[in-house]
Every structure is written in C-alpha cells, then in structure tokens.
> 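Once you've had a glance at the structure underneath, I'll fire off some questions.
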Amino acid sequence: MTGTDVAARAAAGFTATYGAAPAGLWAAPGRVNLIGEHTDYNDGFVLPFALPQRVVVAAAPAASGWQVHSELTPEPVTFGADEVARPGVLDGWAAYVAGVVWALREAGLPVPPARLALASDVPVGAGLSSSAALESAVLTALVELGGLDLPVHLRPALAQRAENAYVGAPTGIMDQAASIRCQAGHALFLDCRSGAVRHIPFDVAAHGLAVLVVDSNAPHRHVDGEYGARRKSCEAAARLLGVPALRDVTISDLDPALARLDDDVTRRRVRHIVTENQRVLDTVAHLDAGRIREIGPLLTASHTSMRDDFEITVPEIDVAVEAALSAGAYGARMTGGGFGGCVLALVDADRTAPTATAVEAAYEMHGFPAPTARVVGPGPGAARL
Ligand code: GLA
C-alpha cells in the first residue's frame, strides 16, 4: 500500500461517512530509530528517521464535539468535552485521538470541534510507532484546522502527554518528535533534554547502501510492564548517583559511576544508557563526515548492549540480527522499545534481497513465524498534504 493510497482512503472514508468532502488532509509518519534506544527518557540523545508509511487524517470543522471514523471500526466514534475530560472512557485507537484533544485543551488551546477520518499504512505492533503517528497526525490536523497558536517544536510534548497521561503508557518523547519534526532525506538528531534538533543528511542510496527493516512478527511480550521497569530502574540509578538523569553520566564518568552501584542489574542498565548515548554521538560524527558504512559497528554494538545489558531483545530479534550480519550487513540492531518489533540492517544496496532471504531461512530453521522485510528511506515529518 503506498502513501498516496492512504491519503485517498482517508478522503474516501471521510466522504462516505459524512457525505461531504474534507477541508484538508494531514499526514504523520511512523519512525525507525537508527540508534539511541531507551535514551530519550534519560534526557539523552536519539537519531530516528521518518518512515514513508504514515497515518493520514481527513478533517473538517463541525458544530460541536468530535466524530472520528477509522478503517478499523465500522461506525465512527463520537465524543464531547465530557468524555475527553475523563481518561479511560474511550479505549483502543479512539483513546489516542481523545488524548490529543485532551492534551491540547489542558494546554489551554481552543481545540476546534471536528469530523475526522483516519487511514494508515504504518504496521501496528511492529515497534514502528503507529500510535505516535496517529497522535501526531491528529494533533497536526486539529492545530492547523483551528489555526491554534502552537509552534511545531512544542507539538511533540503535547502528543507525548496524550500517550503518557491519557492513554497511560510511560514512553519518552522520541516517537512523537520523530513523527512531527523529521525531514525527508535526513535523520533527526534530537537532544531529549533541551529539545534541540539537527537534521543529519542520511542519503544511504548515494553511498550504494540501503536500510533493511525486518519485522520479526514476534508477539510482543510484557512490553508495557518491562518498559516501565526499565524506566524506573534508570531513574532509581540516577537518584543513587546523585544526577538529574543518566544523561549526566558521560562515558568518562562511567567506570567510577559503576563502582558506586552495588547491584549488577542496575550497573548493566546504566552501562547501556551511557554507552548508547555515546554511540549516538559517534554515529552523528561519522554521518557528518560522510562515513556511512562506519556506523555499522556502532549499530551492532548497540544491539549487543540492548541484548546483554538492557535485556530488551527476544530470540526472534537476536536471530534476525545474527542472520543479517552473517549475510554481510555492515551493522544490525533491534530498533524501538524492544521485546519484539523490528531489526534494522545497513547493507549494500544490491544485498537487500539476499539479506532478507538469509533472515527468512534462519527463521525457518528456528521454527519462527516468517518475518516481513522492507527497504526504507527517510521520509518527511508531519504535514498538510
Ligand atoms: C518506545 C518509546 C520511546 C523510546 C523507545 C526506546 O518507542 O515510545 O519513547 O523510549 O521505545 O528507545
């Protein structure tokens, strides 16, 4: 399904549901994170890029309340200010939409009553941020439809608030920042403490390379609980070390910091975050210098750190990384929150098919369900179409 199809589906869904054409179409993408995993809620660095896959919202003003059509459910969901004010009343995809309305209203912004229709080609449950894409698309549509005074750099925090305080997932800011602020052809170097961004050119094709994203199709296991546990353990470690966040422990502080921690698990969690932040900085330095192949070992080291120190990978993910590396990838790692989801591999442009085949063969050997491979390049962030 291409992006154009998604826009056409959103527009058609709108017209079929409401009997009129939408006032406009807004899109926001899913993301793949090149490197910097679980560093965002530690005030650290991340380097995601936007996927070509996106959520499209067709929207028009309404007299009152919000009505939302999705391809996932036959009837539109309708809610007013009362339902919005009570988190937990709506569930499933509708909670993300209501959460955005709630977060905008909480920020004192006069959200326009609206009719919306949604369509998406972001794979759901693959760790490619389909929910952040939904939040970001709805937020962008409502802000622009209502002419609300909300500069782009302040939008990710409100979309994140919808996810944290309304939907109830304790995630960081990376996914919403990526969906809203990425630019085509670039990765987004984001300092999650200051919110500062730099758009780093990431033209793999110009270097004869490609990024292969392999969805493990592994069932997500305990994602919510384990994610929250990692976050708590990082925050507890920061308190023990007397710093505001693990971002404040640099690579040269690492050994003395580890020596001050008694517990081996906490030491490994800290080591992942501190080394991962450094790997993001090193990756950016390579990309700035045009040394794209050289980021490969950093990607693979990131995976090893997630597997052994942060303990967020699963066998399907580790097998995909090993198979991609054996097939000649320059580097490979899990991308996203973990416990399932996708692996990305940096490969020669003419090696995408053999690499995908190698992963498929390894999955068959292990008796895992077949994986899904895609070649992806950096697409644009949220925008009106
Ligand atoms: C999920 C969260 C992000 C981030 C990643 C891990 O995608 O939504 O905030 O923490 O996991 O890097």
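Both ligands and their constituent atoms are indexed starting at 1 by order of listing. As a basis for the values below, the full set of heavy atoms in this structure was taken, side chains included, without hydrogen atoms, waters or symmetry mates.
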> Please write down residue, atom name and distance for the protein heavy atom closest to atom 11 (O) of ligand 1.
G337 CA, 3.2 Å
> Starting from atom 5 (C) of ligand 1, what is the nearest protein heavy atom, named by residue and atom, and what distance separates them?
M174 CE, 3.7 Å
> Got the closest protein heavy atom to atom 8 (O) of ligand 1, with its distance?
D175 OD2, 2.6 Å
> Could you walk me through whether R230 and E226 pass the salt bridge (charged side-chain N to carboxylate O under 4.0 Å, His left out) test, one step at a time?
CA-CA 6 Å; R230 293 302 178 284; E226 293 288 349; 2.9 Å; yes
> Is the CD atom of E235 crowded by more than 12 outside heavy atoms at less than 6.0 Å?
yes
> Does the side chain of R271 reach to within under 4.5 Å of the side chain of L258, using non-hydrogen atoms?
yes
> Mind checking whether F189 and F45 have parallel, tilted or perpendicular rings, split at 30° and 60°?
tilted
> Using distance alone, determine whether G172 and ligand 1 share an N or O pair under 3.5 Å.
yes
> Checking the N or O distance criterion of under 3.5 Å, is ligand 1 in contact with E37?
yes
> Does the N or O separation between Y227 and ligand 1 drop below 3.5 Å for any pair?
yes
> If you count heavy atoms of other groups shown closer than 6.0 angstrom to CG of D91, is the number above 12?
no
> Give me the nearest non-hydrogen protein atom to atom 9 (O) of ligand 1 as residue plus atom name, then the distance to 0.1 Å.
D40 OD2, 2.5 Å
> Would one find an N or O of Y41, backbone or side chain, under 3.5 Å from an N or O of ligand 1?
no
> Side chains of R31 and S129: donor-acceptor distance under 3.5 Å anywhere?
yes
> Run the numbers for me: atoms of ligand 1, each under 4.0 Å from some heavy atom of R31, listed by number.
7 (O)
> Against heavy atoms of T171, which atoms of ligand 1 measure under 4.0 Å?
2 (C), 8 (O), 9 (O)
> Anything under 30° is parallel, anything over 60° is perpendicular, the rest tilted; go ahead and classify H38 against Y227.
tilted
> A side-chain contact here means heavy atoms from C-beta on lying under 4.5 Å apart; do L142 and W26 qualify?
no
> Does M306 have a non-hydrogen atom less than 4.0 Å from ligand 1?
no
